[in-house]
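This structure is a prediction, so every number in the text was calculated from the model and none was measured. Nothing fancy with the numbering, it's 1 onward along the sequence.
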Amino acid sequence: MVKIIMHGCNGHMGQVISGIVEKDPDAEIVAGIDIADQGKNSYPVFTDIDACQVEADAIIDFSSAKATDKLLEYSAARQIPVVLCSTGLSEEQLAKVEETSKKVAVLKSANMSLGINTLLKLVQDAAKVLATAGFDMEIVEKHHRLKVDAPSGTALALADSINEVMDNKYHYVYDRSQKREKRDDKEIGISAVRGGTIVGEHEIIFAGQDEVIEFKHTAYSKAIFGKGAVEAAKFLAGKPAGRYDMSDVIG
């Protein structure tokens, strides 16, 4: 039984993860941390992270970048591995993540979905065969109308994953409206669609002579990120200090 501290327990994802863990026979949330105890959890909630001295095997963080520094200090001091899911970390905070990982196990990934992280590996295997054979590569991502950044971090992670196995010989093209010329052999096109309530959709297209191969991942709810975070916590429990990501979780 992996004992988990839920950092940001009263937020949307904190409550999603709480529900997931309740049905998981191999995990248990033993404490929560949030700015206020709203009395809606079955476990004790601490408004001051330093006051939480409950024994645990891992911490899952779905809170705010503002709380990350203190969380990292807490994780290192108590030697509890941490799964970092909060976004928008500054360059200084990212450096602190790396420094903390020298003292305790830290897992941070661009996307917590098990499906997306499996896809990252699949497109690498495909690129080694298809890109080498001259196939063009395009990524199309779709998200809800309220998402402000484009392209998505996951689309960039997919492009980076492909580029990595191709010796970083490719460059990214986001907009073709300002130039009139044929497609470069060494480009990966990335397009963004924003509309409605689309949770998240990523399509990777390998287009060759007279044939097209497509990989596609569709997220129907944010629960997939919670499920991935729980699996990451179970994986991280007992691991030595170091920097981990979801590729380690899926093997």
Side-chain angles (χ1 to χ4, degrees), residues 8 11-14 16-17 60-65 68 83-91 93-94 97 107-127 131 136-166 168 170-178 183 186-207 212-232 244-250:
H12 174 71
M13 287 306 302
V16 167
I17 290 170
I60 296 178
D61 164 59
F62 256 110
S63 58
S64 163
T68 301
V83 179
L84 281 177
C85 303
S86 294
T87 58
L89 302 187
S90 67
E91 291 299 322
Q93 287 177 313
L94 291 173
V97 169
L107 187 148
K108 188 178 187 309
S109 190
N111 188 304
M112 298 306 296
S113 160
L114 293 172
I116 282 290
N117 282 278
T118 301
L119 185 60
L120 287 168
K121 185 176 186 304
L122 290 173
V123 295
Q124 283 189 324
D125 293 340
D136 297 321
M137 296 176 289
E138 293 281 324
I139 297 171
V140 180
E141 58 96 343
K142 303 175 184 178
H143 284 86
H144 53 85
R145 67 190 307 274
L146 299 178
K147 186 173 178 62
V148 295
D149 59 312
S152 68
T154 300
L156 291 172
L158 286 162
D160 289 344
S161 182
I162 292 170
N163 210 8
E164 180 184 332
V165 295
M166 300 309 296
N168 293 306
Y170 285 75
H171 62 276
Y172 307 156
V173 174
Y174 308 102
D175 180 13
R176 295 191 175 88
S177 66
Q178 301 303 312
R183 191 184 199 282
K186 296 298 183 185
E187 72 177 51
I188 298 175
I190 306 177
S191 303
V193 175
R194 296 288 176 267
T197 59
I198 301 170
V199 175
E201 187 175 297
H202 293 86
E203 185 177 11
I204 304 90
I205 303 164
F206 291 87
V212 175
I213 297 173
E214 299 177 350
F215 293 84
K216 183 178 179 181
H217 177 273
T218 302
Y220 292 104
S221 83
K222 292 184 178 180
I224 63 170
F225 309 122
K227 176 63 176 173
V230 173
E231 293 303 313
Y244 300 84
D245 60 31
M246 287 299 288
S247 65
D248 299 305
V249 179
I250 64 173

- Item | Phe62 and Ile17, any side-chain heavy atoms less than 4.5 Å apart | yes

- Item | With Thr118 via side chain to side chain contact (heavy atoms under 4.5 Å, CB included) - residues at least two apart | Leu122, Ile250

- Residues in side chain to side chain contact (heavy atoms under 4.5 Å, CB included) contact with Leu119, at least two apart in sequence or another chain: Ile116, Val123, Leu158, Ile204, Phe215, His217

- Task: Please report the closest heavy-atom contact between Ile190 and Pro151, naming both atoms and the distance.
- Result: CG2-CB, 3.6 Å

- Query: Which pairs pass salt bridge (Lys or Arg N to Asp or Glu O under 4.0 Å) with one or both residues in residues 140-159, sequence neighbours excluded?
  - Reply: Glu141-Arg194, Lys142-Glu201, Lys147-Asp149

- Task: Of all the heavy-atom pairs spanning Cys85 and Met112, show the shortest one and how long it is.
- Result: SG-CG, 3.8 Å

- Item | Nearest atoms (heavy-atom pairs only) where Ser86 meets Ser63 | OG-N, 2.9 Å

- Task: Could I get the full list of side chain to side chain contact (heavy atoms under 4.5 Å, CB included) partners for Gln93, not counting sequence neighbours?
- Result: Ala65, Thr68, Asp69, Leu89, Ser90

- Message: Using side-chain heavy atoms (C-beta onward) and a distance below 4.5 Å, is Val16 in contact with Phe225?
- Response: no

- Item | salt bridge (Lys or Arg N to Asp or Glu O under 4.0 Å) contacts touching residues 151-166 (sequence neighbours left out) | none

- Message: Are the side chains of Val249 and Asn117 in contact, using a 4.5 Å heavy-atom criterion?
- Response: no

- Note on the structure: Separation between CD1 (Ile213) and CD1 (Ile205), nearest 0.5 Å, reads 12.0 Å

- If you take all heavy atoms of Leu120 and Ala157, which pair is closest and at what distance? CD2-O, 3.6 Å

- Item | Reported CG-to-CG distance for the pair Leu107 and Asp248, which is rounded to 0.5 angstrom | 7.0 Å

- Apply salt bridge (charged side-chain N to carboxylate O under 4.0 Å, His left out) to Lys222 and list each qualifying residue two or more places apart in sequence or on a separate chain. none

- Query: Taking only residues two or more places apart in sequence or in another chain, which ones pass side-chain hydrogen bond (donor to acceptor under 3.5 Å, both in side chains) with Ser64?
  - Reply: none

- For Asp245, enumerate each residue passing the salt bridge (charged side-chain N to carboxylate O under 4.0 Å, His left out) test, keeping only those at least two apart in sequence or located in another chain. none

- Nearest 0.5 Å please: distance from the OH atom of Tyr172 over to the CD1 atom of Ile139. 7.5 Å

- Message: So, using side-chain hydrogen bond (donor to acceptor under 3.5 Å, both in side chains) as the criterion, who are the partners of Gln124 when residues are at least two apart?
- Response: Ser161

- Query: Can you name the salt bridge (charged side-chain N to carboxylate O under 4.0 Å, His left out) partners of Lys227, sequence neighbours left out?
  - Reply: Glu231

- Output for pair (Asp61 CG, Met13 CE), nearest 0.5 Å, gives 11.5 Å

- Pairing residues for Asp125 by the salt bridge (charged side-chain N to carboxylate O under 4.0 Å, His left out) criterion, not counting sequence neighbours: Lys121, Lys128

- Task: Quick one: pull up CE in Met246 and NZ in Lys108 and give me the separation to the nearest 0.5 Å.
- Result: 13.0 Å

- Task: Step by step, work out the side-chain contact (heavy atoms from CB on, under 4.5 Å) result for Ile224 and Val199.
- Result: CA-CA 11 Å; Ile224 63 170; Val199 175; over 6 Å; no

- Message: Nearest 0.5 Å, please: how far is CZ in Arg183 from CD in Glu138?
- Response: 4.5 Å

- Check the side chains of His143 and Ser152 for a donor-acceptor pair under 3.5 angstrom, ignoring hydrogens and angles. no

- Task: Taking side chain to side chain contact (heavy atoms under 4.5 Å, CB included) as the test, write out the residues that go with Val173, two or more places apart.
- Result: His171, Arg176, Lys179, Glu187

